[in-house]
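Let me begin by presenting the structure, written as structure tokens, before commenting on it.
Protein chains get the first letters and strands the later ones, always in sequence-line order, with residue 1 at the start of each.
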There are 2 protein chains.
Amino acid sequence: MTDHSPQSGFCCTDHSGAAHTAAILAQAETRARESGVRLTPVRRRTLEILLEAHGALGAYEVLERLSAEGYGTQPPVAYRALNFLVENGFAHRIQRLNAFTACVHPARDHRAAFLICDRCNSVTEGCADSFSQAMIEAASAVGFQLERSTIEAVGLCSACAGKPA
Amino acid sequence: MTDHSPQSGFCCTDHSGAAHTAAILAQAETRARESGVRLTPVRRRTLEILLEAHGALGAYEVLERLSAEGYGTQPPVAYRALNFLVENGFAHRIQRLNAFTACVHPARDHRAAFLICDRCNSVTEGCADSFSQAMIEAASAVGFQLERSTIEAVGLCSACAGKPA
DNA sequence: CTATCTAACGTTATATCATAACAGTCAACA
DNA sequence: TGTTGACTGTTATGATATAACGTTAGATAG
Ligand SMILES: [Zn+2]
Ligand SMILES: [Zn+2]
Ligand SMILES: [Zn+2]
Ligand SMILES: [Zn+2]
């Protein structure tokens with residue numbers, strides 16, 4: 001149920017358990033130390049908030065929680081922390097939802113793809129390394145030097161697919 | 001230079017020539033007639049505006065042009081026309097840019113992928129039917145019923161890759 | 001131990017993107 | 001010819017994101 005190895009394609013939806021949260025947070029801290037970036041209190045708390053969330057969170061939702069806990073109350077506070085997390089591989093931005101989600105395997109370099117449920121808005125991160133490689137090659141065939149890709153799929157998660165419309 | 005067949009992967013960047021514009025517009029009109037949707041003046045003009053543009057256009061850019069030509073002056077005018085075009089396969093939305101681009105082959109059913117140049121903001125539409133199929137299968141392996149995907153790649157177009165930074 | 005520097009944080013103000021809600025128009029048609 | 005429904009337009013507002021600037025606090029050089 002909980003295979004985060006890079007070849008596994010899409011993985012499970014449930015990343016909100018406390019065990020996962022703690023483990024992922026620990027990985028993130030290790031990686032931050034190794035790469036010399038500072039996982040400051042706001043940044044760390046923002047990552048925790050994302051990890052505790054069931055789906056992706058909008059910047060203003062994150063801001064609400066942060067300001068309720070005594071951090072800054074204005075949008076840049078949330079956007080700065082979130083952008084830091086995204087730029088350093090601790091979180092991903094979900095374009096379709098204008099929202100952010102914690103990376104489920106921040107310890108390794110990877111290309112991600114996302115499965116977004118139309119019904120319950122759950123977001124599942126999967127590994128898109130092979131898709132990305134194929135796209136880099138297809139793009140290069142027309143002279144385009146591909147740097148990074150956004151892959152977001154919309155449909156029904158397994159939980160919602162079972163239920164009636 | 002101008003192969004729009006569905007197997008060709010990414011195709012050329014230059015779709016702004018008058019010949020292309022006219023041909024694509026004609027295809028769109030044919031398809032609209034066939035599928036019983038109404039390509040009204042605002043909608044048709046909006047599609048022309050997208051076709052004439054070199055890259056993707058934001059809704060407010062489209063609105064500027066429309067209102068300068070005597071159409072409505074308020075955002076819903078542009079958003080309604082653009083949403084109509086997207087829903088009916090005449091245009092695509094580029095999530096990363098909050099912008100819209102005319103579909104280069106509105107005559108056929110297809111899954112699109114986009115190559116977005118970081119430097120000049122050009123947008124190239126390519127065919128992603130095979131990627132999409134592969135993703136549907138990968139998603140189905142974890143019980144996700146995939147409906148549609150957004151695939152957007154960022155990098156340097158062939159024109160910009162040659163130039164100095 | 002100070003002076004200086006800089007990354008990070010916080011604020012105010014504003015820009016940018018998008019939609020809700022409702023009124024007028026007009027062609028289709030019972 | 002009255003009704004209907006799709007379309008276009010408006011006003012008003014909501015949602016997302018950033019620019020610009022002052023403050024704080026840890027790091028480093030003197
Ligand atoms: Zn990730
Ligand atoms: Zn679901
Ligand atoms: Zn297309
Ligand atoms: Zn370019």
Nearest-Å distance for atom pair CG/P, residues A/N83 and D/dT16: 15 Å

Length of the line joining A/R43:CZ and C/dA7:P, which is rounded to integer Å: 11 Å

Under 4.0 angstrom between A/T73 side-chain N/O and C/dG10 OP1 or OP2: no

Rounded distance in Å - CZ (B/R80) to P (C/dA21): 14 Å

Sugar-phosphate, base or nothing in reach of B/Y60, heavy atoms under 4.0 Å: base

Rounded interatomic separation in angstrom, taking CG from A/L63 and C1' from C/dT12: 14 Å

Euclidean distance, atom CG of residue B/L82 to atom P of C/dC17 [Å, nearest integer]: 13 Å

B/E48 and B/R45 ion-paired at < 4.0 Å: yes

Phosphate OP1/OP2 of C/dA18: any B/R93 side-chain N/O under 4.0 Å: yes

Sugar-phosphate only, base, or nothing, as touched by A/R45 at under 4.0 Å among non-hydrogen atoms: nothing

Toward the 5' end of DNA chain D, by each residue's nearest nucleotide, A/P75 or B/P76: B/P76

B/H92/B/F100 aromatic ring centres below 6.0 Å: no

B/D118 bridged to B/R96 by N-O distance under 4.0 Å: no

Atom-to-atom span, CZ of B/F84 to P of C/dT19 - whole angstrom: 17 Å

Donor-acceptor pair, side chain of B/R43 and main chain of B/R38, under 3.5 angstrom: yes

Interatomic distance, B/L66 CG vs D/dG9 P [rounded to whole Å]: 8 Å

Separation of D/dT16 P from B/N98 CG (nearest whole Å): 12 Å

